[in-house]
Enquirer: 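The structure's right below; bear with me while I get my questions together.
Quick caveat, the model's predicted, so the values are computed rather than measured. Each ligand, and each atom within it, is numbered from 1 in the order the structure gives. Computed from heavy atoms alone, side chains included, the values below leave out hydrogens, waters and symmetry copies.
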Amino acid sequence: MRLAAEIAGVTFPSCIINASGPLCTTFEELKALGHSASGAIVTKSMTKEARAGNPEPRYYEFPQGSLNSMGLPNLGYQKYAEFIPRLKEFGKPIIASVAGMNGHEYEEIAGYISSKGPDLIEINLSCPNIIGKPQLGYDWEASEAVLKTVRPLVSQPLGVKLPPYFDPIHQEVMAGVLKRARIDFVVVINSVGNALIIDPDTEQVVIRPKDGFGGLGGACIKPVALANVRAFYQLLSEEMPIIGVGGIVSGVDAFEHLLAGASAVAVGTAFAKEGLGIFQRLGEELGQLLKQKGYSSAQGVIGKLRVMDD
Ligand code: SIN
């Protein structure tokens with residue numbers, strides 16, 4: 001079964017990749033992704049300075065998903081600039097994920113990291129866990145300003161990782177921003193920000209940062225993820241491929257993302273839970289499902305979702 005994907009002219013050997021999130025921070029973790037069946041190596045979102053992230057406990061797993069307030073722990077962009085050329089040996093696309101604390105930092109990091117030759121660059125506008133900083137993806141003007149300044153500094157396909165939106169007008173406005181900034185691909189969705197889980201036994205929150213508020217991920221957010229993939233596919237399909245993220249635990253989940261309009265899918269919570277073997281398992285499950293259904297490739301499924309007649 002052909003599981004390859006194409007994103008903005010770059011071929012991925014498999015359409016199933018890691019999300020910028022868990023287990024992609026250190027060189028050892030990135031190398032392990034290189035050895036795995038992930039179709040790409042996606043880095044943790046890199047900031048200007050190295051960050052230890054938010055105080056622990058900052059990650060909580062439950063049967064339907066996860067709540068995290070990691071706070072972008074990462075080694076700082078200079079380290080990823082060293083790592084990227086060394087990861088080329090794996091022969092699969094490298095996506096450098098970039099997160100600034102302000103517009104100047106996005107420019108500085110994206111411009112420099114571009115010169116180190118990742119295959120694609122993702123601008124993360126949607127981390128909900130930086131204390132005192134709102135998610136840029138909910139501020140149209142600030143998003144457009146950042147993307148328009150970064151665009152000419154980057155020679156690779158440039159993508160944007162967005163938060164979930166809950167009303168069509170918001171997706172329409174953001175689609176306009178992405179078109180005007182000449183963005184090449186879209187990654188939707190980041191975690192559902194500022195969710196709260198309460199332990200009724202202890203009568204307490206389950207993570208320390210932000211008094212317990214954090215980003216919700218995993219199986220429970222799949223319907224929100226699918227809705228955003230579908231909405232952006234309807235708005236942008238001709239111009240920008242989509243990497244779907246949110247709730248992918250099985251090959252069926254990946255199939256649903258492809259049907260909604262994703263060209264590739266990225267796995268976060270389930271990767272953190274299951275480890276590197278998940279890429280092989282999901283590939284096998286998706287391959288079997290496509291075969292049963294008579295598809296000859298993952299690409300043949302993209303956007304094929306059927307709606308009901310009136
Ligand atoms: C985090 O490090 O807080 C999660 C990453 C993100 O939400 O972009």
Side-chain angles (χ1 to χ4, degrees), residues 17-26 29-30 33 42-61 65-77 79-80 95-102 105-106 109-110 113 120-139 142-143 146-147 150 159-165 174 185-197 205-218 220-221 224-225 228 243-248 266-273:
I17 68 175
N18 71 297
S20 178
L23 305 173
C24 57
T25 301
T26 65
E29 288 169 343
L30 293 166
L33 282 161
V42 186
T43 72
K44 179 75 183 166
S45 294
M46 57 190 81
T47 52
K48 182 172 172 179
E49 312 296 345
R51 289 173 59 86
N54 291 339
E56 311 252 9
R58 58 192 186 183
Y59 190 85
Y60 177 80
E61 195 177 274
S66 66
L67 186 73
N68 94 82
S69 183
M70 303 303 289
L72 293 179
N74 77 98
L75 306 177
Y77 79 97
K79 279 280 177 225
Y80 297 100
I95 305 184
S97 181
V98 169
M101 295 296 127
N102 56 53
E105 290 189 9
Y106 277 105
I109 303 166
I113 214 71
L120 306 97
I121 293 183
E122 165 191 286
I123 299 292
N124 182 352
L125 295 184
S126 49
C127 178
N129 305 325
I130 304 302
I131 294 162
K133 297 251 176 229
Q135 292 165 83
L136 215 55
Y138 289 128
D139 180 337
S143 294
V146 165
L147 297 177
V150 166
V160 182
K161 186 167 187 181
L162 295 171
Y165 299 104
M174 182 46 86
F185 68 100
V186 184
V187 184
V188 271
I189 58 175
N190 206 326
S191 58
V192 177
N194 300 301
L196 185 64
I197 293 180
V205 298
V206 296
I207 55 173
R208 187 181 305 278
K210 291 176 75 174
D211 288 343
F213 289 81
L216 191 64
C220 61
I221 69 163
V224 177
N228 276 270
I243 300 179
V245 200
I248 295 159
V267 191
T269 297
F271 171 36
K273 188 169 182 178

Enquirer: For the residue pair Lys210 and Asn194, confirm or rule out a side-chain donor-acceptor distance under 3.5 Å.
Expert: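 Checked: Lys210/Asn194 side chains pair up, N/O donor to acceptor below 3.5 Å.
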Enquirer: With a 4.5 Å heavy-atom cut-off, do Leu162 and Asn190 have their side chains touching?
Expert: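 Of all side-chain heavy-atom pairs linking Asn190 with Leu162, none is under 4.5 Å.
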Enquirer: Measure Asn129 to ligand 1 on non-hydrogen atoms and call it side chain, backbone, both or neither using the 4.0 Å cut-off.
Expert: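 Just the side chain.
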Enquirer: A side-chain contact here means heavy atoms from C-beta on lying under 4.5 Å apart; do Ile109 and Lys48 qualify?
Expert: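 Answer yes - side chains close enough.
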Enquirer: Touching ligand 1 at all, Ser20? Heavy atoms, strictly under 4.0 Å?
Expert: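 In this structure, Ser20 fails to qualify as a contact of ligand 1 - no heavy atom is under 4.0 Å.
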Enquirer: Ignoring hydrogens and angles, state whether a donor on the side chain of Asn74 or Thr25 is under 3.5 Å from an acceptor on the partner side chain.
Expert: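 Asn74 vs Thr25: no donor-acceptor pair found between side chains.
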Enquirer: With a 3.5 Å cut-off and no angle check, do the side chains of Asn129 and Asn68 form a donor-acceptor pair?
Expert: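 Side chains of Asn129 and Asn68: pair found under 3.5 Å.
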Enquirer: Counting from 1, what ligand 1 atoms have a heavy atom of Pro73 closer than 4.0 Å?
Expert: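 Those qualifying, in numeric order: 2 (O).
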Enquirer: Using a heavy-atom cut-off of under 4.0 Å, does the side chain or the backbone of Lys44 touch ligand 1, or both, or neither?
Expert: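 The answer is the side chain.
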Enquirer: Check ligand 1 against Met70 and write out every atom of the ligand that is under 4.0 Å from a heavy-atom position of the residue.
Expert: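 It comes down to these atoms of ligand 1: 1 (C), 2 (O), 3 (O).
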Enquirer: Within the 4.0 Å heavy-atom shell around Asn68, which atoms of ligand 1 are there?
Expert: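 Contacts of ligand 1 toward Asn68, numbered from 1: 1 (C), 3 (O), 4 (C).
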Enquirer: Is Pro128 in contact with ligand 1, taking contact as a heavy-atom separation below 4.0 Å?
Expert: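 Flag set, Pro128 near ligand 1.
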Enquirer: Identify the protein heavy atom lying closest to atom 7 (O) of ligand 1, giving its residue, its atom name and the separation to 0.1 Å.
Expert: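 Among all protein heavy atoms, the one nearest atom 7 (O) of ligand 1 is Asn190 OD1, 3.2 Å.
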Enquirer: Any idea which protein heavy atom is nearest atom 8 (O) of ligand 1, and the distance to it?
Expert: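 I find the closest protein heavy atom is Asn124 ND2, 2.8 Å.
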Enquirer: Between Leu147 and Leu125, is any pair of side-chain heavy atoms under 4.5 Å apart?
Expert: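 The answer is yes, as the side chains (C-beta and beyond) meet within the 4.5 Å cut-off.
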Enquirer: Under 3.5 Å, is there a donor on one side chain and an acceptor on the other for Ser69 and Asn54?
Expert: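 Result is yes, a qualifying pair exists.
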Enquirer: Measure the distances from the heavy atoms of Gly71 to every atom of ligand 1 and state whether one is below 4.0 angstrom.
Expert: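 Gly71: in contact with ligand 1 (<4.0 Å).
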Enquirer: Could you see which bit of Ile130 sits under 4.0 Å from ligand 1, with heavy atoms only: side chain, backbone, both or neither?
Expert: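 Looking at Ile130 and ligand 1, no heavy atom falls under 4.0 Å.
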Enquirer: Are there more than 12 heavy atoms of other residues, nucleotides or ligands under 6.0 Å from atom OH of Tyr59?
Expert: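 For Tyr59, atom OH is crowded (more than 12 foreign heavy atoms under 6.0 Å).
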